Amino acid sequence: MVLISTKEFRAQQKKYFDLAVDEQVVVKRGKRFFSITASSKPDNRLIDYEWVKEYMAIPEKYRCDPFEMSPSGDLFYADKRNVEKVKQAIAEAEQEIKEGKFTRINGLAELERFMESL
């Protein structure tokens, strides 16, 4: 990994863009770091090594694709056990609605009265 300043990056952009094809280039600007990644496709996404490490920590038999339930790939949804709990809670809520076991609230005033009654 090559860590450079914004001043150095501005002065030698071509050098660092070329270097990013084979090596990780990180530019430090203030308290933040920016990775330069070379790709032949603009839709390619960066890989967060910590995310991969946490994903791999989930036992293989429980792993699933978190992007099916979460556009951000939230690791909560990478574990089938969590996904099943969420699906079960949704099914139970839908059943309660069918059975009329819910409180319908219309408007802010009604919501405030309901919250005060809890």
Side-chain angles (χ1 to χ4, degrees):
M1 177 177 77
V2 176
L3 179 61
I4 57 173
S5 67
T6 54
K7 182 178 180 181
E8 190 174 353
F9 177 69
R10 280 193 307 271
Q12 299 183 47
Q13 284 184 31
K14 182 183 181 331
K15 172 185 172 181
Y16 292 111
F17 281 131
D18 291 343
L19 186 61
V21 172
D22 299 312
E23 192 170 343
Q24 184 179 9
V25 177
V26 177
V27 180
K28 184 175 188 297
R29 181 175 184 230
K31 294 182 179 181
R32 295 192 176 185
F33 297 89
F34 298 85
S35 293
I36 300 173
T37 304
S39 172
S40 58
K41 298 179 183 179
D43 290 337
N44 281 2
R45 296 192 173 166
L46 300 176
I47 295 175
D48 180 346
Y49 293 107
E50 287 301 314
W51 185 93
V52 172
K53 189 175 170 182
E54 290 179 39
Y55 179 80
M56 295 305 288
I58 299 168
E60 188 173 358
K61 68 180 181 178
Y62 297 119
R63 283 187 219 145
C64 60
D65 182 358
F67 294 97
E68 288 180 9
M69 302 253 331
S70 169
S72 67
D74 188 319
L75 284 171
F76 177 84
Y77 298 104
D79 190 320
K80 290 178 187 177
R81 297 168 291 189
N82 294 338
V83 172
E84 289 306 314
K85 286 179 186 176
V86 169
K87 287 181 178 179
Q88 181 181 355
I90 291 170
E92 289 172 3
E94 288 172 343
Q95 184 60 36
E96 288 180 3
I97 290 169
K98 286 179 185 176
E99 295 171 2
K101 298 178 182 177
F102 67 95
T103 303
R104 184 176 306 275
I105 298 175
N106 296 309
L108 182 58
E110 203 172 312
L111 175 60
E112 287 172 349
R113 282 193 301 276
F114 175 74
M115 295 300 289
E116 287 172 7
S117 73
L118 296 177

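Being a predicted model, the structure only gives us computed values, none of them experimental. All residue numbers in this chain count up from 1 along the given sequence.
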Original post:
Given Leu19 and Val21, is the side chain to side chain contact (heavy atoms under 4.5 Å, CB included) satisfied, shown in steps?
Top reply: CA-CA 5 Å; Leu19 186 61; Val21 172; over 6 Å; no
Original post:
Residues two or more places apart in sequence or in another chain: which of them pass side chain to side chain donor-acceptor pair (under 3.5 Å) with Asp18?
Top reply: Lys14
Which side-chain N or O atoms in residues 100-118 pair as donor and acceptor under 3.5 Å with protein atoms at least two apart or in another chain?
from   : atom 1 : to     : atom 2 : distance (Å)
Lys101 : NZ     : Glu99  : OE1    : 3.0
Glu110 : OE2    : Asn106 : N      : 3.3
Ser117 : OG     : Phe114 : O      : 2.6

Original post:
Restricting to pairs with a member in residues 12-31, which pass ring pair (Phe, Tyr, Trp, His ring centres under 6.0 Å), not counting sequence neighbours?
Top reply: Phe9-Phe17
**OP:** Linking directly or through intermediates, with side-chain heavy atoms under 4.5 Å: list the remaining ILVMFWY members grouped with Val83, chain and number order.
**Re:** Met69, Phe76, Tyr77, Val86, Ile90
Subject >> Inter- and intrachain pairs under side chain to side chain donor-acceptor pair (under 3.5 Å), touching residues 51-69, at least two apart >> reply: none
**OP:** Tell me, please, which residues at least two apart from Thr6 pass side chain to side chain donor-acceptor pair (under 3.5 Å).
**Re:** none
Subject >> salt bridge (charged side-chain N to carboxylate O under 4.0 Å, His left out) pairs, two or more places apart, involving residues 25-38 >> reply: none
Subject >> salt bridge (charged side-chain N to carboxylate O under 4.0 Å, His left out) partners of residues 80-96, not counting sequence neighbours, each pair once >> reply: Asp79-Arg81
Original post:
Does a donor on one side chain and an acceptor on the other come within less than 3.5 Å for Ser70 and Ser72?
Top reply: yes
Original post:
Taking ILVMFWY side chains as joined if any heavy atoms are under 4.5 angstrom apart, and letting links pass through other members, which residues group with Leu3?
Top reply: Met1, Val26, Phe33
**OP:** Considering non-hydrogen atoms only, spot the tightest contact between Ala78 and Pro66 and give its length.
**Re:** N-CB, 3.7 Å
